[in-house]
Each structure stands twice: as C-alpha cells, then as structure tokens.
Amino acid sequence: MVKTYKIRTLSPYISRISEKFKVLLINGPRQIGKTTLLKTSSDSKRKYVSLDNPQDLLKAKTDPKGFLDIYSPPCVIDEIQYAPELFPYIKMIADNTEKRSLYWLTGSQQFNLMQGVTESLAGRVVIIDMLGFSIYEREGIGDKQKPFLPSPEPACALKRRNTADTFKIIWQGAFPEVIKADEEHREAFYDSYIRTYLERDVRQIINIGNEVKFLTFLKVAAARTGQELNLANIAGDVGIDPRTADKWLSVLKASGIVYLLQPYFKNITKRLVKHPKLYFMDTGLAAYLAGWTAPKALETGISSGAFFETFVITEILKSHYHNGKNSHFYFYRDSDKNEIDLLIFQDGKYHPIEIKKHGTPDSNDIKAFNVFAKKESVGFGCEICLVPDLQPLSSDVLAMSVWDI
C-alpha cells in the first residue's frame with residue numbers, strides 16, 4: 001500500500017523562515033511527525049542523522065567535531081537533546097559562514113534542549129513548536145489552516161462532523177500512527193509510546209525512582225485534563241509529596257505531554273485564581289491513560305466535557321503553533337464564578353472563547369464576557385460547541401462548531 005503524505009501546515013513556513021536563520025529547531029513530543037516534516041521539506045542535498053541510533057549518538061558525544069565533519073551542512077539532526085555536546089560546534093560552523101539553513105534540528109525534551117540552545121545558539125536559531133495532526137492536517141488540507149481568532153465570518157474549509165464522529169477523533173488521538181489505526185493497533189501504539197517515554201525521555205531528565213508511581217501520576221493527571229491544576233490533590237491520589245508532583249509535572253511539560261493554560265490577571269488580587277489549567281496535548285493519549293476504552297463511553301462519560309474542551313484548546317493551539325505563532329492564551333475565572341475558557345490576546349484586545357459540549361447555545365453561556373469587558377478591551381468572541389450551524393449570540397459573539405475554527 002502506498003502511503004499518502006498529509007500536508008502539514010508548517011511546511012511552507014519552514015521553507016520561508018529557514019532562509020532567514022542559520023539553524024532551525026522543531027520542538028515537540030515524540031512521534032508527531034517532526035522528522036517526516038523536515039524530510040519532505042528538504043531537498044536531496046540535505047543529509048539526515050538520528051541520535052536515536054546508538055552508534056551515531058556515541059560519535060556525537062565523544063567526538064562532536066568529527067561527527068559534524070561527517071554530517072556537514074545542510075543536514076537534519078534528529079533528537080538533538082541527546083548530544084548537547086554538539087551545540088558549541090554548531091555555533092562555530094554557523095559563525096564561520098553567512099549561509100542560512102545550515103542545520104535543521106528536532107527535539108522532544110525542553111530541559112536539555114533549551115539549555116543548550118540558549119547558551120550556544122541564541123540569535124542563530126529559530127525555534128518552532130509542533131504538535132500532532134490538526135483537524136485540517138488530518139483532512140489533508142493543512143496548507144489552508146490559519147491561526148484561529150474569532151470572527152463574524154469564519155473562513156473554514158472543514159467538513160462538519162456529528163458528535164459521535166467528533167468523539168471518535170477525540171478518543172483516537174492525533175499521532176500519525178493512530179490516525180488510520182484500528183482499535184487494537186491504537187492500544188498497542190499508546191502502550192509502546194508510554195514505555196518508550198518512560199525509558200528514554202523521563203530517565204534522561206530525572207531519576208524518577210518509582211516508575212509504577214510515575215505511571216500512576218500520568219494516569220491521574222490524564223483524568224484531570226481540562227481542569228484547574230491542584231497538585232496537592234494529585235499528589236495525594238498518587239501517594240507522593242507535592243514537591244515530587246511538581247517535579248514530575250515539569251517533566252510532562254518539558255516533553256510536550258501537557259500544556260498549562262495560565263490565568264488572566266492584571267493585578268494579583270484575591271479575586272482571581274492563580275492556578276493554571278491542565279491540558280493533555282493529545283486527547284487520545286489522555287483517553288488511553290484515563291481508561292476510556294471506546295469513543296461512545298468517552299462521549300457519554302463524566303469526563304466528556306473536559307475532553308471536548310481539551311480537544312478544542314489543543315486544536316486552537318495547533319492552528320497557531322503550526323503557523324509559527326506563539327500567541328498569548330489565558331483563561332479567566334473570578335471569585336464570583338464568572339468564567340471564560342480561553343482568552344486570545346492580539347493587537348491590544350482579548351478575544352473571549354467559551355467551550356461547551358452541547359448543541360443548544362444561548363446568551364447565558366457567555367454572560368462572563370460582559371463582566372470581563374468591564375476590565376479590558378474585548379474583541380469579537382465565540383462559543384465553540386456542538387451546534388450544527390453558525391448561530392449569532394450577540395452582535396459580537398458567534399456560536400460555532402469546532403469544525404468551524
């Protein structure tokens with residue numbers, strides 16, 4: 001069977017931005033397609049090497065100059081975080097030429113990766129965040145996706161899906177390997193993914209000591225996706241102290257497994273919450289860890305709203321990340337229980353977004369928008385839900401489907 005490559009939204013951006021920088025770094029979780037993206041974006045002259053290969057890794061660590069003599073630019077170096085010894089030598093190569101697009105790098109751990117980048121390659125490297133397939137990329141129209149911002153007339157090219165099909169995609173996840181996998185293959189993939197994650201990435205960052213408890217921590221965190229982070233409760237459920245929970249959460253964040261959405265505040269007051277909200281970057285991985293064995297069970301289960309919210313947040317993140325944008329995202333909640341699930345700050349205005357797993361939106365869903373508008377300049381907003389058609393909720397708020405973003 002011939003595999004069809006799905007267009008990634010980042011492809012044209014990489015072609016443009018790499019001509020302006022000497023080094024390009026794609027940062028993101030394992031197995032989301034970073035290598036395939038760079039290989040399909042490069043020409044035949046660009047070499048390729050992966051530091052997942054033990055022999056190449058040994059050469060890179062013990063003789064970095066000799067390694068880069070072999071893999072001279074232009075070159076793709078996969079999983080660069082395993083050999084931070086290469087960074088000073090890449091810097092020297094970059095400083096001795098005016099050429100651009102010398103090295104394309106990938107990495108899946110921010111701890112080791114960012115330390116080496118900031119110390120050696122500052123000003124020479126462009127860093128791009130990447131996640132799994134977006135709903136546009138899944139449909140093979142990744143080149144049509146733009147950074148999402150609420151608008152009175154959404155310019156969407158997606159085919160609408162019903163609730164059942166939407167939850168199949170949420171349950172399945174966005175890793176390339178599971179996009180067309182059957183249920184048995186999906187389960188095997190996630191089981192292997194977690195084992196590899198524990199054995200390679202986690203051990204590279206810290207000595208977790210008790211792998212069973214760390215796996216329990218993963219599962220407990222996955223069950224809390226879409227919720228305000230309470231580390232003390234998570235620590236209590238796992239049987240570890242809050243300091244260990246905080247350290248382990250940092251590992252999940254550094255390896256791209258979770259995203260922490262920060263609360264909005266202008267001034268630190270008692271009226272605004274200060275804990276971030278926790279989102280797993282892949283809903284399929286979260287569903288697997290949380291024990292949801294079928295799409296229908298997830299759709300009708302107690303966590304369906306939180307998983308739907310996670311799906312929407314991560315899809316909006318992808319629309320920005322995959323266009324090379326690191327945008328300003330927040331959520332709002334005050335002591336009077338006024339809540340806004342997402343605020344996108346752009347050009348001096350906050351665009352409010354409410355996320356609901358229902359198909360009957362009304363003005364009560366967005367009453368917090370008016371409260372927030374008394375504090376800040378507010379742009380056009382929306383409610384993302386399971387509504388079948390676009391529906392105005394006010395003069396500056398539109399109800400839309402996730403398939404309209």
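Here, residue 1 is the first one in the sequence, and each next residue gets the next number.
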(Q) Whether the side chain of Trp171 engages the backbone of Trp292 through a donor-acceptor N/O pair (distance < 3.5 Å, no angle test) should be reported. (A) yes
Q) What orientation do Tyr197 and Tyr193 show, parallel under 30°, tilted 30 to 60°, or perpendicular over 60°? A) parallel
Q: Mind listing the closest non-hydrogen atom pair of Pro84 and Lys61 along with its distance?
A: CD-NZ, 4.3 Å
Q | Member of Phe265, Phe331, Tyr264 meeting the ring pair (Phe, Tyr, Trp, His ring centres under 6.0 Å) criterion with Phe372 | A | Tyr264
(Q) On the six-membered ring of Trp403, is Arg160 placed so that its NZ or CZ lies under 6.0 angstrom from the centre and within 45° of the ring axis? (A) no
Q) Can you name the nearest heavy-atom pair linking Ser108 to Lys34, along with the distance? A) CB-NZ, 4.3 Å
**Q.** Single hit among Arg8, Lys6, Lys318 for side-chain hydrogen bond (donor to acceptor under 3.5 Å, both in side chains) with Glu137
**A.** Arg8
Q | Exam field: side chain Ser394 to backbone Val397, donor-acceptor pair closer than 3.5 Å | A | yes
Q: Kindly compute the distance separating CG (Leu398) from CZ (Phe380), expressed to the nearest 0.5 Å.
A: 5.0 Å
Q. Between Asp282 (side chain) and Gly173 (backbone), is there a donor-acceptor pair under 3.5 Å?
A. no
Q) So how far is it from Ser11 OG to His322 NE2, rounded to the nearest 0.5 Å? A) 10.5 Å
Q) Heavy-atom distance under 4.5 Å between the side chains of Leu386 and Thr360, does that happen here? A) no
Q. Where is the tightest heavy-atom contact between Lys356 and Phe308, given as atom of each residue plus distance?
A. O-CE2, 3.3 Å
Q: Taking the side chain as every heavy atom from C-beta outward, state whether Arg46 and Ser101 have any pair of such atoms under 4.5 Å apart.
A: yes
(Q) To the closest 0.5 Å, what do you measure between CD1 (Ile384) and OG (Ser401)? (A) 8.5 Å
(Q) Within the supplied structure, the quantity of interest is the number of heavy atoms (other residues, nucleotides, ligands) at a distance under 6.0 Å from Glu211 CD; does it exceed 12? (A) yes
**Q.** Val251 backbone acceptor or donor facing Ser255 side chain under 3.5 Å
**A.** yes
Q: Could you go through the salt bridge (charged side-chain N to carboxylate O under 4.0 Å, His left out) check for Glu139 and Arg161 one step at a time?
A: CA-CA 12 Å; Glu139 296 294 321; Arg161 305 291 186 99; 2.4 Å; yes
(Q) Less than 4.0 angstrom from a charged side-chain N to a carboxylate O is my criterion; do Asp334 and Lys375 meet it? (A) no
Q) Are the side chain of Thr9 and the backbone of Gly142 linked by a donor-acceptor contact shorter than 3.5 Å? A) yes
**Q.** Residue pair Leu102 / Ala94: nearest heavy atoms and the distance that separates them
**A.** CD1-CA, 3.8 Å
Q) Under 4.0 Å between a Lys/Arg side-chain N and an Asp/Glu carboxylate O for Lys277 and Glu228? A) no
Q: Give the intermediate values and the outcome of side chain to side chain contact (heavy atoms under 4.5 Å, CB included) for residues Ser327 and His320.
A: CA-CA 7 Å; Ser327 301; His320 286 251; 2.5 Å; yes
**Q.** Sub-4.5 Å side-chain heavy-atom contact between Ile344 and Tyr350
**A.** no
Q) Side-chain contact, heavy-atom cut-off 4.5 Å: Lys47 with Ser72? A) yes
Q. Is any side-chain heavy atom of Phe21 less than 4.5 Å from a side-chain heavy atom of Arg124?
A. no
Q: Report yes if some heavy atom in the side chain of Phe311 is under 4.5 Å from a heavy atom in the side chain of Glu309; otherwise report no.
A: no
**Q.** Nearest heavy atoms of Arg224 and Ile234, plus distance in Å
**A.** CD-CG1, 3.5 Å
Q) Quick one: does Asp78's side chain get under 4.5 Å of Leu51's, heavy atoms only? A) no
Q | No-hydrogen, no-angle side-chain donor-acceptor test under 3.5 Å, Lys349 and Ser377 | A | no
Q.
If only side-chain N and O atoms count, and only distance matters, is there a donor-acceptor pair under 3.5 Å linking Glu383 with His358?
A. yes
Q: May I ask you to say whether Lys22 pairs ionically with Asp95, meaning some side-chain N is under 4.0 Å from a carboxylate O?
A: no
Q: Show the numbers, then the answer: is there a side chain to side chain donor-acceptor pair (under 3.5 Å) between Lys91 and Ser120?
A: CA-CA 6 Å; Lys91 174 183 180 294; Ser120 300; over 6 Å; no
Q.
Apply salt bridge (charged side-chain N to carboxylate O under 4.0 Å, His left out) to residues Lys219 and Asp237 and explain how you reach the verdict.
A. CA-CA 11 Å; Lys219 293 179 177 180; Asp237 287 349; over 6 Å; no
Q) Which value, rounded to the nearest 0.5 Å, describes the distance between Leu289 atom CG and Leu285 atom CG? A) 4.5 Å
**Q.** Lys/Arg-Asp/Glu bridge criterion (N-O < 4.0 Å) met for Lys99, Glu19
**A.** no
**Q.** Side-chain heavy-atom pair Ile128, Asn27 within 4.5 angstrom cut-off
**A.** no
(Q) Can you see whether Ser134 engages Gln145 through a side-chain donor-acceptor pair at a distance of less than 3.5 angstrom? (A) yes
Q) Between the main-chain N or O of Met400 and the side-chain N or O of Asp404, is there a donor-acceptor pair closer than 3.5 Å? A) no
(Q) So does Gly33 get a backbone contact from the side chain of Thr36, meaning a donor-acceptor N/O pair under 3.5 Å? (A) no
Q: Measure from NZ or CZ of Lys39 to the centre of the six-membered ring of Tyr48 and say whether it is under 6.0 Å with the direction within 45° of the ring axis.
A: yes
Q: State whether Arg333 and Glu339 are salt-bridged, where the test is any N-O pair (Lys NZ or Arg NE/NH1/NH2 against Asp/Glu carboxylate O) under 4.0 Å.
A: yes
Q | Thr225 versus Thr310, side-chain donor and acceptor atoms under 3.5 Å | A | yes
Q) Salt-bridged, Arg186 to Glu184, with N to O below 4.0 Å? A) no
Q.
Among residues at least two apart in sequence or on other chains, which ones pass salt bridge (Lys or Arg N to Asp or Glu O under 4.0 Å) with Asp191?
A. Arg195
Q: Please lay out, stage by stage, how Leu343 and Phe329 fare under the test side chain to side chain contact (heavy atoms under 4.5 Å, CB included).
A: CA-CA 6 Å; Leu343 296 166; Phe329 289 4; over 6 Å; no
Q. Of all residues at least two apart in sequence or in a different chain, which pass the salt bridge (Lys or Arg N to Asp or Glu O under 4.0 Å) check with Asp63?
A. Lys59
Q) What's the spacing between Ile170 CD1 and Asp165 CG if we round to 0.5 Å? A) 11.0 Å
Q | Sidechain-backbone polar pair: Asp341 side chain, Ile355 backbone, donor-acceptor under 3.5 Å | A | yes
Q) At what distance, to the nearest 0.5 angstrom, does NZ of Lys213 lie from CG of Leu218? A) 15.0 Å
Q.
Quick check: closest heavy atoms across Ala290 and Phe307, and the distance to 0.1 Å?
A. CB-CZ, 4.5 Å
(Q) I'd like to know if the side chain of Asp241 pairs up with that of Thr244 as donor and acceptor (distance under 3.5 Å, no hydrogens or angles considered). (A) yes
Q. Which is it for Phe175 and Tyr190 under the side chain to side chain contact (heavy atoms under 4.5 Å, CB included) test, yes or no, and what are the steps along the way?
A. CA-CA 10 Å; Phe175 288 95; Tyr190 284 125; 3.7 Å; yes
Q. Are Tyr103 and Ile80 close enough, and set up right, to give a side chain to side chain contact (heavy atoms under 4.5 Å, CB included), and what steps lead you there?
A. CA-CA 11 Å; Tyr103 283 100; Ile80 188 70; over 6 Å; no
